[in-house]
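What's counted below: heavy atoms across the whole structure, side chains too, no hydrogens, waters or symmetry copies. So you know, we letter chains A, B, ... as the sequences are listed, proteins then strands, and number each from 1. Note that this is a predicted model, so its numbers are computed, not measured.
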There are 2 protein chains.
Amino acid sequence: MPSTTKHRSRSGHVQAARLPRVLREAQNRFVSIWGGMGGSWGIPRTMAEIHALLYIVNEPLNTDQIMARLSISRGSASTSLKALHDWGLVSRAHKRGDRKEYFRAEQDVWQIFRIITRERKRREIDPILMALHECRDATGSRAGAAMRHKPGIEAHNDRLDQMIEFIEMIDSLAEQFVSPAGKGLRLAVGLLGKAV
Amino acid sequence: MPSTTKHRSRSGHVQAARLPRVLREAQNRFVSIWGGMGGSWGIPRTMAEIHALLYIVNEPLNTDQIMARLSISRGSASTSLKALHDWGLVSRAHKRGDRKEYFRAEQDVWQIFRIITRERKRREIDPILMALHECRDATGSRAGAAMRHKPGIEAHNDRLDQMIEFIEMIDSLAEQFVSPAGKGLRLAVGLLGKAV
DNA sequence: CGGCACTTTCAGTATTTTCTGAAACAACTG
DNA sequence: CAGTTGTTTCAGAAAATACTGAAAGTGCCG
């Protein structure tokens with residue numbers, strides 16, 4: 001074990017070294033957990049880890065600091081940060097007398113999940129709904145009414161319709177959660193809490 | 001329902017061949033869509049496709065029929081079917097005078113999504129919540145009250161707590177949707193519909 | 001038993017996804 | 001401007017994930 005907490009050089013990777021060991025370890029742990037979660041949520045592990053790091057330290061970090069702390073390449077860091085910024089999960093910041101770009105994470109958990117929900121809806125639900133509608137049209141457009149009498153078509157259409165209807169409902173729920181006011185889910189929680 | 005026009009010849013893949021072409025194509029399309037969705041939902045494509053096929057044809061199929069229709073290997077079919085059965089999305093069925101096992105898909109969309117939600121919650125939310133609690137304990141157990149005064153620890157704990165609290169809320173929402181009665185989501189939808 | 005008929009398992013392979021590293025690019029600074 | 005510092009891109013490498021096919025397993029039936 002090192003003699004004491006490391007005191008860093010005047011230059012680069014610094015403040016982290018001054019953190020109490022437990023804190024630093026807890027941060028690392030959180031980063032791993034969140035990274036793992038990203039995996040199962042369709043968010044690349046590294047991207048999730050960067051977000052986790054910025055969230056948990058709640059202090060703007062620059063690319064080099066992030067690279068060092070997570071042991072990742074510059075390319076990876078850059079790509080992930082861009083994506084996080086596009087999503088709106090991190091914002092850029094600057095420090096006087098420093099040309100580097102610093103990144104800071106959104107701190108409101110509601111907002112974080114609203115953003116994630118929005119992106120997932122956009123990438124996962126919307127295209128599927130569109131595809132399902134097209135699929136449905138193939139066997140049921142008014143135009144092709146004739147075909148509806150072929151055996152099995154009707155039942156097929158019913159199944160498709162049930163599915164579509166359900167997903168549309170989920171979709172509109174998500175929509176409300178995502179919506180600017182963001183009242184939707186809060187409300188649902190309150191009501192459900194009482195109702196059950 | 002006396003389902004149909006189906007000529008059973010002694011060898012395998014039969015009934016499908018008599019389907020109207022549009023229907024068969026619509027089924028294939030649905031299978032692809034659903035398979036794609038599986039991908040983004042963390043469900044292996046093949047597993048999702050098998051489920052889609054069984055759902056949309058709504059008629060028990062055996063392993064060989066599934067293999068033929070989806071062009072997949074026996075191993076893959078077997079593994080996916082086992083998983084689907086474990087989840088409760090498909091059930092086994094038998095036909096008189098046929099030693100093969102037939103599989104049939106759950107047809108109630110609510111139930112389908114309840115099952116998927118349950119599994120995802122089990123695989124994704126629960127472990128993360130547990131891990132987060134452990135992580136939190138590292139910097140906040142009563143035992144280690146002393147450490148709470150080190151710089152930054154308190155703020156760190158606050159952030160962790162916010163996150164945990166939020167996820168627990170989501171978790172309990174999911175719980176209610178999953179619960180046997182399954183009233184939860186239906187209710188939420190109704191209330192939200194009025195409220196917004 | 002012994003031969004089928006069918007199902008499951010698993011090591012190896014293929015495919016998809018993500019990361020690296022270096023070069024191109026962009027933007028300040030003196 | 002020319003040098004420096006910092007950021008982005010992208011082809012290839014690596015890792016993660018899913019699939020195949022054949023062999024092993026299971027259980028029925030005569």
Side-chain angles (χ1 to χ4, degrees), chain A residues 11-13 31-32 34-53 60-87 90-104 123-124, chain B residues 10-13 31-32 34-53 60-87 90-103 123-124:
Chain A
S11 48
H13 6 126
V31 166
S32 296
W34 205 246
M37 201 194 72
S40 54
W41 280 61
I43 296 164
R45 162 175 274 280
T46 301
M47 180 169 156
E49 287 194 343
I50 293 176
H51 175 251
L53 177 62
L61 299 181
N62 64 40
T63 305
D64 291 283
Q65 292 171 319
I66 293 169
M67 286 166 57
R69 182 87 187 251
L70 302 179
S71 307
I72 58 174
S73 70
R74 187 169 299 282
S76 191
S78 170
T79 304
S80 297
L81 282 166
K82 180 169 191 319
L84 286 167
H85 187 253
D86 289 348
W87 281 32
V90 311
S91 51
R92 297 174 198 273
H94 293 276
K95 295 196 174 180
R96 298 221 163 282
D98 189 342
R99 281 169 56 189
K100 280 190 168 61
E101 238 170 353
Y102 285 74
F103 300 90
R104 136 197 324 283
R123 292 191 313 170
E124 295 169 17
Chain B
R10 43 276 158 74
S11 68
H13 13 124
V31 166
S32 296
W34 206 244
M37 200 194 72
S40 54
W41 279 61
I43 295 164
R45 161 174 276 278
T46 301
M47 180 169 155
E49 287 194 343
I50 293 176
H51 175 251
L53 177 62
L61 299 181
N62 64 41
T63 305
D64 291 282
Q65 292 171 319
I66 294 169
M67 285 166 58
R69 182 86 187 251
L70 302 179
S71 307
I72 58 175
S73 70
R74 187 169 298 282
S76 191
S78 171
T79 305
S80 297
L81 282 166
K82 181 171 191 319
L84 286 168
H85 187 253
D86 288 347
W87 282 31
V90 313
S91 51
R92 299 174 197 273
H94 291 277
K95 297 197 174 182
R96 298 220 163 282
D98 189 341
R99 280 169 59 187
K100 279 191 169 63
E101 239 171 352
Y102 285 74
F103 299 90
R123 291 192 313 172
E124 294 169 18

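Atom pair Asn62(A):CG and dT5(D):P shows a separation of 15 Å (rounding to whole Å applied). Following rounding to the nearest Å, Phe103(B) (CZ) and dC6(C) (P) show an atom-to-atom distance of 13 Å. Protein atom CZ of Arg92(A) is 15 Å distant from nucleotide atom P of dG6(D), rounded to whole Å. Rounded to a whole Å, the CE atom of Met67(A) is 13 Å from the C1' atom of dT8(D). If you measure from atom CG of Asp64(B) to atom P of dT8(C), you get 12 Å, rounded to the nearest angstrom. Spacing between atom CG of Leu84(B) and atom P of dT8(C) amounts to 13 Å, rounded to whole angstrom units. Nucleotide dT18(C) holds its C1' atom 15 Å from the CG atom of Leu70(A), rounded to whole Å. Atom NZ of Lys95(A) is separated from atom C1' of dC28(C) by 19 Å (rounded to the nearest Å).
The salt bridge (Lys or Arg N to Asp or Glu O under 4.0 Å) test applied to Arg74(A) returns Asp64(A), not counting sequence neighbours. Legend: residues meeting salt bridge (Lys or Arg N to Asp or Glu O under 4.0 Å) with Asp86(B), ordered by chain and number and at least two apart, are Lys82(B). Residues forming a side chain to side chain contact (heavy atoms under 4.5 Å, CB included) with His94(B) (at least two apart in sequence, or on another chain): Glu101(B).
When side chains are defined from C-beta on, Ile50(B) does not count as touching Val90(B), because their heavy atoms never get closer than 4.5 Å. Between Met47(B) and Trp87(B), some side-chain heavy-atom pair lies under the 4.5 Å cut-off. No side-chain heavy atom of Arg69(A) sits less than 4.5 Å from a side-chain heavy atom of Gln65(A). Residues Leu53(B) and Trp34(B) form no side-chain contact, since every pair of their non-hydrogen atoms from C-beta on lies 4.5 Å or further apart. Contact annotation: the side chain of Tyr102(A) never approaches that of Arg92(A) to less than 4.5 Å [non-hydrogen atoms, C-beta and beyond].
Across all non-hydrogen atoms, the minimal contact from Gly35(A) to Ala48(A) is CA-CB, 3.9 Å. When every heavy atom of Met67(A) is checked against every heavy atom of Ala77(A), the shortest pair comes out as CG-CB, 3.9 Å.
Among dT9(D), dT7(D), dT9(C), the nucleotide with an atom closest to any side-chain atom of Lys82(B) is dT9(C).
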Listing time: all N or O pairs from protein to nucleotides 19-24 of chain C that are below 3.5 Å?
residue	atom	partner	partner atom	Å
dC19(C)	OP1	Thr46(A)	N	3.3
dC19(C)	OP1	Thr46(A)	OG1	2.0
dT20(C)	OP2	Ser73(A)	N	2.9
dT20(C)	OP2	Ser73(A)	OG	3.0

At a cut-off of 3.5 Å, list every protein nitrogen or oxygen paired with a nitrogen or oxygen from nucleotides 13-15 of chain C, distance to 0.1 Å.
none

Check nucleotides 26-30 of chain D for protein N or O atoms closer than 3.5 Å to its own N or O atoms and list the pairs.
residue	atom	partner	partner atom	Å
dG27(D)	N2	Arg99(B)	NH2	3.0

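Tested against Phe103(A) for a side chain to side chain contact (heavy atoms under 4.5 Å, CB included), the candidates Leu61(A), Leu81(A), Asn62(A) yield a single pass: Leu81(A).
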